[in-house]
Protein chains: 2
Amino acid sequence: MTRIKDVAALAGVSTATVSRVLNDKTVSPDLAAAVRRAVTELGYTPNRTARSLRRQHSELIALVLPDIENPFFTSLARGVEDVARTAGLSVVLCNTDEDVETQEHYLRIADDENMAGVIVAPAGPSGFLARLTERHRAVVVVDRAVADDVDQVLFDNEDLGRRATQALLDRGHRRIACVTGPRETPTAEARADGWRAALTAAGLPAPDDLLVHANYRVDGGEAAMTRLLAAAEPPDAVLATNNLVGVGALRMLSAERGPRAQLGIIGDLPFATSHIDDTFLLRLHPREMGLTAARLLVSRIRGEAGPAQRVVQPSRPVLLGASPS
Amino acid sequence: MTRIKDVAALAGVSTATVSRVLNDKTVSPDLAAAVRRAVTELGYTPNRTARSLRRQHSELIALVLPDIENPFFTSLARGVEDVARTAGLSVVLCNTDEDVETQEHYLRIADDENMAGVIVAPAGPSGFLARLTERHRAVVVVDRAVADDVDQVLFDNEDLGRRATQALLDRGHRRIACVTGPRETPTAEARADGWRAALTAAGLPAPDDLLVHANYRVDGGEAAMTRLLAAAEPPDAVLATNNLVGVGALRMLSAERGPRAQLGIIGDLPFATSHIDDTFLLRLHPREMGLTAARLLVSRIRGEAGPAQRVVQPSRPVLLGASPS
DNA sequence: TTGTAGGCGTTATCAT
DNA sequence: ATGATAACGCCTACAA
């Protein structure tokens, strides 16, 4: 295992000089050259543990996500990675499984490992970030709003719900159901609010039996769709407010015979196994949300950022059908 | 920021004693109690950077994957996580995007961060593990065989290809095509070999025009299926040798009118948007592969493991249709 | 510009 | 069983 002192010995300089070369401080060209030669010859790379102990922060950032199996979040992760790598940071992905304790666990590790910063899509209620912000750690929240005074990158969820519903109205549908997430989930509620607002604005009722609170996963979408299709007065269109319930809804619908309900989905379906030309998609581009969040975090780590800000991640026009991926 | 010396001061002992309590060494009960009280009162958690500098290894393990957006690998990651957490280790997920250089980058970081071990599904040719094994780091390879003398958890890929093909033969199909990955990809080749072996064993030809080397992603499956369906003599059954090309194949097939080819897929389709009762699935259970790999890694980290071994991850009987997820 | 030396927070060795 | 202390590898005053 080669250390900085080995490099120093080989180059005939002090460890301080080696360190300076490695960190682009002022060193005379000839010595710098000698050091670099020694570095390549030995294949030396600095011990990051020692470096981060000394500097009081590492070159790692934590990306804390509630569900790593959801393509929305993996795509977001790709965006974060792209920015981080060009900034010389490495991304550490942590999966909380929507569990507040696991989330605490990972946030604590990020802290104890002196990580440079954290990007988190929070599970559960807010307030958990106090310890991190108190320690002046760089923190960016994505996808789900919190009350804390930190940078946040969010969708305008009510607007998403409204626009997706409007697209269904524009197609002439009048009895439009909404499948959303659990009552305690703010994004799910906001998107459902948008659905309600759009219907109301169009002078239509938004009866309770057309709003289904599912579990926001594939099986939730299946169950909700089954229930809606079996109703006395089935809807002629359905809005699924996230990608997973959209998958479930589509799956049930594909088995249906006779007149099919029109489906609208807020989200993307990269692994659709059927052509979905007849489905409205309001694509969210989570990758760009990741890019935005990472850029924000990097500037905060570098101390270039001002007061905490909330960025509303723009989304695109509603599309009919999905281009693959 | 509270340090071990703060705890020591509050408990009226030396830092050495605090450290001993934290690491379950022998300490008199009363002093231990005092220390624990001080720890909770201050909310102290050890600085992991300092700890790992001293101990020469951290409590992190790296999971280096070629494509974090592929559900196969996210599911594998979940398995690794489950074992790691109960062993007191935290998982760091790294995405190489099938790029050898990026892989090198992350493996180097794992080394420089003194991580306790690495689980890697290798991108590109073998030999890249030399540095890690030389340094006696704990390493487990998953999914893709390498020549290095390290623990490996693999499928018997040729057997997978054979069994999946046999299932199609059992259904009476005779003209069976195979859509697999690029020529340089060993797992893709091995599964195709299995396809060929099954056909040969059944006394059937395995002509070149029935074997398509696709790019092993969704669009590859689409392109391959398009080509096969447009052929002068289209197959009456198609084997897709991984989940992503399976998705693409299914997508094209779902648009097809008239007599549909029977599809067999090696892999799972957690996000299928259609009912796929008429598709053969040979499910791989990547989560269990992750469990196996992580158990192996943990025992190696603890020094309990013997010589490097290759574990063949069992798979299940071919299923007709998929139960969701 | 370069070198010397102290310290980041923890654990392990060596006395007691 | 407990405490003082050195060491892990690096960076950065400070001195020269």
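Sequence lines set the chain letters: A, B, ... in the order given, protein chains first and strands last, and positions in each chain run from 1. Everything numeric in this text was worked out from a predicted model, so none of it was measured.
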Q56(B) CD to dG9(C) P, in whole Å, measures 19 Å
Sorted by chain and number, sequence neighbours left out, side chain to side chain donor-acceptor pair (under 3.5 Å) with E113(B) holds for R48(A)
Heavy-atom nearest nucleotide on DNA chain D taken for K5(A) and for V13(B); more 5' hit belongs to V13(B)
With sugar-phosphate taken as primed atoms, P, OP1 and OP2 and all else as base, the protein-contact string of nucleotides 11-16 of chain D at under 4.0 Å (heavy atoms; B, S, -) is BBB---
Checking L284(A), V80(A), D143(A) against M289(A) for side chain to side chain contact (heavy atoms under 4.5 Å, CB included), the one that qualifies is D143(A)
With L89(B) as partner, the option from I301(B), L297(B), L60(B) fulfilling side chain to side chain contact (heavy atoms under 4.5 Å, CB included) is I301(B)
Would one find a side-chain N or O of S28(B) under 4.0 angstrom from OP1 or OP2 of dT2(D)? yes
M1(B) atom CE is separated from dC8(C) atom P, nearest whole Å, by 12 Å
Rounded to whole Å, the CG-C1' distance (L53(B) to dA12(C)) equals 13 Å
Rounded to whole Å, CG of D111(B) lies from P of dG9(D) at a distance of 13 Å
Here the distance between atom P of dC8(D) and atom CG of D112(B), to the nearest Å, is 18 Å
>> Contact between T74(B) and R78(B) at the side-chain level, heavy atoms closer than 4.5 Å - yes or no?
In response: no
Looking only at heavy atoms, the pair that brings V100(A) and A123(A) closest together is CG2-O, 4.0 Å
Review point. Taking the side chain as C-beta and beyond, is there a heavy-atom pair between V141(B) and D148(B) under 4.5 Å?
Key: no
